[in-house]
Amino acid sequence: MIYDYIIVGAGIAGLYAALNIPENKKVAVLSKEPLWECNTFYAQGGVATARDEKDINDHIEDTLKAGCGLCNKEAVEIMSQNSILVINDLINRGFEFDTDEEGNLLFTREAAHSRNRILHAGGDATGRLLHKFLIENCSHKVFESVEVADLLVEEGVCYGVTVKKEGKLKNIYGKNVFIASGGVGSLYEYHTNANTISADLQGICLEKGIELADMEFLQFHPTVFILSHRARKLLLTEALRGEGATVVDEKGRRFLFDYDSKGELASRDIVSRAIYDYKLKGHKVYLSFENFEEEFFRYRFPTIYKNFKELGFNVPRQKVPVSPAFHFAMGGIKTDLYGKVPGFENLYAIGEVACTGVHGANRLASNSLLEGLVFSRRAVEVALINNFEPKSKKFPVLREKLIKENDKDIKNELRRVMWEKVGIIRKREKLQSAFDFICESEKKDIGRFLKLRLLCAKEIVKSALARKESIGAHYIED
Ligand code: SIN
């Protein structure tokens, strides 16, 4: 059987694409693990949107400014101009963003936005509720525990994917392939991403000669609780700072003003770097909620309240130790303004895995869910009128071993190397040593998935080495 659409990934971009594909099309949405294990599920803060037509220019300006002049302006304009449309589409389909008692939408503030324009749901459960809503409204078949191990491409045409399901490899063919598999979180020791986010598809693209762009621009979220044993570290949403939480040291001093006059509301790269630097100087850093009333805090941030109570923190009365951690990849598979991968028929990339150019050197907070919505919808629009019919073609099934015995240790070492040498503050010498480590690891007897991870990590380091000056999230100190 040949699917009309194969969608790799079941986060916001993949599911919203599926929602926009008519029911009579044959669609397979592939989820690597159980459905909820994706970054969308864990997103707290919300979805940025222009509040009204008059706010579009300001949203564009804020996005361009955060991106340090490296955004694709046209892509940013498209994202902001379409923001009200996609938000209304979700509302019309029945999604409930938080509102006041009169039913007016509630907008919160996050860093580097010139006004409150972040919509949220369930307080700090925006991603989880959106994900649930998209799944409940998806009329297409979603397959769980299906890992993509290869793309079937030849001479600029994508014919489908190779998957591992129940321990077996097989090819699935489709007329349109949408990659919506998320970013690169598992490359880092400390990150906020779902376990499934391991850069496999970025690695496959590199192997196939599909271009990745802006890979040096990796965003580190400033306020993450990293002291838990889980690989995914707990985020403390930026909306907390937007609504009054402060970053303090062991003496309760708000030291961020030493680094930037906007303090807690400076852009994410600045706040992360400041916290990282201050900790290196031997200080302890906390997020303090003393400006919040307990009842309001519990109602407005129920997930954080519950998670941290369970961890033994008496929030909001007690402050929580925080550190920056890897959060989001601005770079990814290079696409045009419709999510199409240039030079390849029938191949699209949407959401975090893509590089549409909307984020430039540093993503403005909460623009990621918005990007996923706007560009997945546009990709479906062009795919639906795409008349290119790939020739019927069969590929031999991949024979490479996906996982080998050595992999785990090398994977863990890679995470450490990426965190220490390709992190928030970079030095050329350390980047070079990370590069050498990756090249040495590639020579070992390793499985395919690790090989793909290493390919992606190498591309990040190469891009970081190639960018000589600090800009946005790429900060180089020599
Ligand atoms: C957050 O809630 O702070 C994360 C939102 C985002 O990554 O934009």
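Heads up: numbering here begins at 1 and tracks the sequence. In each ligand, atom 1 is the first atom listed, and ligand 1 is the first ligand listed.
Sequence neighbours left out, the pairs with a member in residues 43-54 that pass side-chain hydrogen bond (donor to acceptor under 3.5 Å, both in side chains) are T49-S83. Under the salt bridge (Lys or Arg N to Asp or Glu O under 4.0 Å) criterion, the residue pairs touching residues 76-90 are K73-E77, D89-R93, D89-R377, with sequence neighbours excluded.
Contacts of R467 classified as side-chain hydrogen bond (donor to acceptor under 3.5 Å, both in side chains), with partners at least two apart in sequence or in another chain: E216.
At a threshold of 4.0 Å, the pair E381-R378 does not count as salt-bridged, since none of the basic side-chain nitrogens sits closer than that to a carboxylate oxygen. A salt bridge is absent between R298 and E295; no separation between the charged side-chain nitrogens and carboxylate oxygens falls under 4.0 Å.
For the residue pair E243 and T108, a side-chain donor N or O sits within less than 3.5 Å of a side-chain acceptor on the partner.
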Identify all N/O pairs between ligand 1 and the protein with a separation under 3.5 Å and present them as a table of atom names and distances.
residue, atom, partner, partner atom, Å
ligand 1, 2 (O), G45, N, 2.9
ligand 1, 2 (O), T237, OG1, 2.6
ligand 1, 3 (O), H221, NE2, 2.7
ligand 1, 3 (O), T237, OG1, 3.4
ligand 1, 3 (O), E238, N, 2.7
ligand 1, 7 (O), R268, NH1, 3.1
ligand 1, 7 (O), H327, NE2, 2.6
ligand 1, 7 (O), R363, NH2, 2.8
ligand 1, 8 (O), R268, NH2, 3.4
ligand 1, 8 (O), R363, NH1, 2.7
ligand 1, 8 (O), R363, NH2, 3.4
ligand 1, 8 (O), S366, N, 2.6

